There are 2 protein chains.
Amino acid sequence: MSIRLTKMAENREKLIAAARKAFAQQGYAAASMDNLTAEAGLTRGALYHNFGDKRGLLAAVVDQIDSEMADYAKSVGAKAGNAWQALLAEGAAYIEKALDPEVQRIVLLDGPAVLGDPSQWPSQNRCLQSTKATLEQLMANGIVKAVDPEAAAMLLNGAALNAALWLASSANPQAMLPKTLEAFNLLASGFLVKG
Amino acid sequence: MSIRLTKMAENREKLIAAARKAFAQQGYAAASMDNLTAEAGLTRGALYHNFGDKRGLLAAVVDQIDSEMADYAKSVGAKAGNAWQALLAEGAAYIEKALDPEVQRIVLLDGPAVLGDPSQWPSQNRCLQSTKATLEQLMANGIVKAVDPEAAAMLLNGAALNAALWLASSANPQAMLPKTLEAFNLLASGFLVKG
DNA sequence: GGTTTAACATACGAGGCGTATGTAGAATAT
DNA sequence: ATATTCTACATACGCCTCGTATGTTAAACC
């Protein structure tokens, strides 16, 4: 790769890292682009050239975090004994990851407000497609009832992410986590052919 | 009531109405307080005196819309044949109401980003408490399995609101609505003792 | 080695929020 | 009834931030 492209890639990564920290700590609206670019050793010129505007930078940050979440959930699901257990494990993984304040602030709160509904994001779509694929397999095997797989996947993912948001703002998240996971698993079992 | 208090109440209502329109049309961040107060025939002075800051105004608007939703859901639930049907009907009512672009933008997108997790809002708490109460009754009657009622209520409400967000940004919301409601009802049935 | 190109920096303008101060009219007391 | 106080709201000011338009330096290419 040419020198210019590598340097540009490095600067992009610097900016995303600085933005990720700033957005997490102060929130999207309160984060100053002058400050976060300075922290990365650059100026707003680099930012606008690479990402177009503030929204574009947030989109890049969201995409990075969201991809990390998807990868983690997939790896957790792969360790499960069967497909149904994998589905539940992925849901639990989402809840667990979404307890991170950084994920909360950037992906669950500012992301939707600035970028619109998460189901439209490229990375979130991958999560949805993954869950959808697992559900379709479970339906084909007669384990899960026949429903619209996309709607079902959306409901499960939405419930998991919302649960994390609720948990995080509860008095004692760690104490509530087991009960929440239990309720989530029970809810998901509504899709099973035999309860 | 004194003349001053009545005029003040009228102005508060004017400002909330103007803000509701502005926030719905342009979003919270893009809405100018100079413009929306001028549209109400007032200035920013009235706004800061009544609501403290921009956040306070959003909180008032969110509270109004959220209360309307809670009232509607309750009235729909009251018409149902039994408690379980009431629970499902309330969920459907939430999904239906949340399809309104005004509700989407203000309550589901900007609200959480600016005011934090909805479960902490006074009005949203009432919704949650209502669902929770219904669930507790269903548990006492042996219709619903014993789980943490608060977590269960949160999961149901969260799934419903998220479903509306997803529906609204889908290609054909009206066509997807029945399938979504079907999936939602199936999901909720996971809480039933006998499937 | 000269020219072009593009990545980034610098400079500028517009607009918005929050606060500090000003004002008019209602409430209260004598 | 009148004077005073109080308060709901208006006006004025300053600071900050974003986006763009222009400048500059270094890599890429002929």
Side-chain angles (χ1 to χ4, degrees), chain A residues 1-62 105-106 110-111 113-116, chain B residues 1-62 105-106 110-111 113-116:
Chain A
M1 206 191 307
S2 70
I3 295 178
R4 282 177 57 174
L5 290 181
T6 52
K7 280 202 95 171
M8 193 175 180
E10 285 172 11
N11 283 343
R12 274 182 61 95
E13 201 50 47
K14 277 186 198 170
L15 288 172
I16 290 179
R20 185 166 168 168
K21 189 195 290 185
F23 290 161
Q25 288 177 350
Q26 318 165 27
Y28 174 79
S32 159
M33 298 172 75
D34 275 316
N35 292 347
L36 73 87
T37 50
E39 188 136 353
L42 297 164
T43 67
R44 285 215 326 271
L47 203 156
Y48 279 93
H49 189 75
N50 277 291
F51 301 99
D53 59 355
K54 198 179 182 183
R55 267 188 65 172
L57 180 60
L58 177 64
V61 172
V62 162
R105 181 76 254 175
I106 299 178
D110 285 330
V114 178
L115 305 173
Chain B
M1 208 191 305
S2 69
I3 294 178
R4 281 177 57 173
L5 289 181
T6 53
K7 281 201 93 171
M8 195 176 178
E10 285 172 11
N11 283 343
R12 273 183 62 95
E13 200 50 46
K14 276 186 198 169
L15 287 172
I16 289 178
R20 185 166 168 167
K21 189 196 289 183
F23 290 161
Q25 288 176 352
Q26 316 165 27
Y28 174 80
S32 160
M33 298 172 76
D34 276 318
N35 292 346
L36 74 86
T37 49
E39 187 137 353
L42 297 163
T43 69
R44 286 215 325 273
L47 203 156
Y48 279 92
H49 190 75
N50 277 291
F51 301 99
D53 59 355
K54 199 179 182 183
R55 267 188 66 170
L57 180 60
L58 177 64
V61 172
V62 162
R105 181 76 254 176
I106 300 179
D110 285 331
V114 179
L115 305 174

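These figures come from a predicted structure and were not determined experimentally. Here is the naming used below: chain letters follow the sequence lines, and residue numbers restart at 1 for every chain. Note that these values count all heavy atoms, side chains included, but never hydrogens, waters or copies made by symmetry.
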Enquirer: So do V62(B) and V114(B) actually touch side chain to side chain, heavy atoms under 4.5 Å?
Expert: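 They are not in side-chain contact.
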Enquirer: So which protein N/O to nucleotides 24-30 of chain D N/O distances come out below 3.5 Å?
Expert:
residue	atom	partner	partner atom	Å
dA28(D)	OP1	S2(A)	OG	3.4
dA28(D)	OP1	I3(A)	N	2.8
dA28(D)	OP1	R4(A)	N	3.1

Enquirer: Counting only heavy atoms and a strict 4.0 angstrom limit, can you tell me which residues of residues 48-57 of chain A come near DNA chain C?
Expert: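 H49(A), N50(A) - these, ordered by number, are the residues of the stretch whose heavy atoms sit under 4.0 Å from the strand.
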Enquirer: Could you list the residues that satisfy side chain to side chain contact (heavy atoms under 4.5 Å, CB included) with Q26(B), not counting sequence neighbours?
Expert: A22(B), A30(B), A31(B)
Enquirer: Take the protein atom CZ of R12(A) and the nucleotide atom P of dC8(C), then report the distance between them rounded to whole Å.
Expert: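 So the CZ-P distance, R12(A) to dC8(C), works out to 10 Å.
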Enquirer: With 3.5 Å as the limit, what N/O pairs link the protein to nucleotides 11-13 of chain D?
Expert:
none

Enquirer: According to the salt bridge (charged side-chain N to carboxylate O under 4.0 Å, His left out) rule, which pairs have a member within residues 26-43 of chain B, sequence neighbours left out?
Expert: K21(B)-E39(B), D34(B)-R44(B)
Enquirer: Who passes side chain to side chain contact (heavy atoms under 4.5 Å, CB included) against T6(A), sequence neighbours left out?
Expert: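 Per chain and number, T6(A) pairs via side chain to side chain contact (heavy atoms under 4.5 Å, CB included) with M1(A).
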Enquirer: Measuring from M8(B):CE to N50(B):CG, what's the distance to the nearest 0.5 Å?
Expert: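 Answer rounded to 0.5 Å: 4.0 Å.
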Enquirer: In chain order, what residues pass the side chain to side chain contact (heavy atoms under 4.5 Å, CB included) check against N35(B), with sequence neighbours excluded?
Expert: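 By the side chain to side chain contact (heavy atoms under 4.5 Å, CB included) rule, N35(B) matches S32(B).
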Enquirer: Among residues 21-42 of chain B, which residues get a heavy atom nearer than 4.0 Å to DNA chain C?
Expert: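 Nucleic-acid contacts, sorted: A31(B), S32(B), M33(B).
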Enquirer: Would you mind listing every ring-ring contact (aromatic ring centres under 6.0 Å, His included) that reaches into residues 5-24 of chain A, with sequence neighbours excluded?
Expert: F23(A)-Y28(A)
Enquirer: Expressed as a whole number of angstroms, how long is the span from M8(B):CE to dA27(C):P?
Expert: 13 Å
Enquirer: What salt bridge (charged side-chain N to carboxylate O under 4.0 Å, His left out) pairs are there with at least one residue in residues 5-17 of chain A, not counting sequence neighbours?
Expert: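 Residue pairs passing salt bridge (charged side-chain N to carboxylate O under 4.0 Å, His left out), neighbours aside: none found.
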Enquirer: Quick check against the 3.5 Å criterion: does R20(B) have a side-chain atom that pairs as donor or acceptor with the backbone of L58(B)?
Expert: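 A pair under 3.5 Å: no.
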Enquirer: Which pairs count as ring-ring contact (aromatic ring centres under 6.0 Å, His included) when at least one residue sits in residues 34-59 of chain A, sequence neighbours excluded?
Expert: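 Output for this query is empty, none listed.
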Enquirer: Tell me whether the side-chain N/O atoms of N11(A) come closer than 4.0 Å to OP1 or OP2 in dA7(C).
Expert: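 Negative; the distance criterion is not met.
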Enquirer: Find the bend of the helix from dG1(C)-dC30(D) to dT30(C)-dA1(D) as the angle between its two terminal axes (five pairs each), to the nearest 10°.
Expert: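 It works out to 10° between the end axes.
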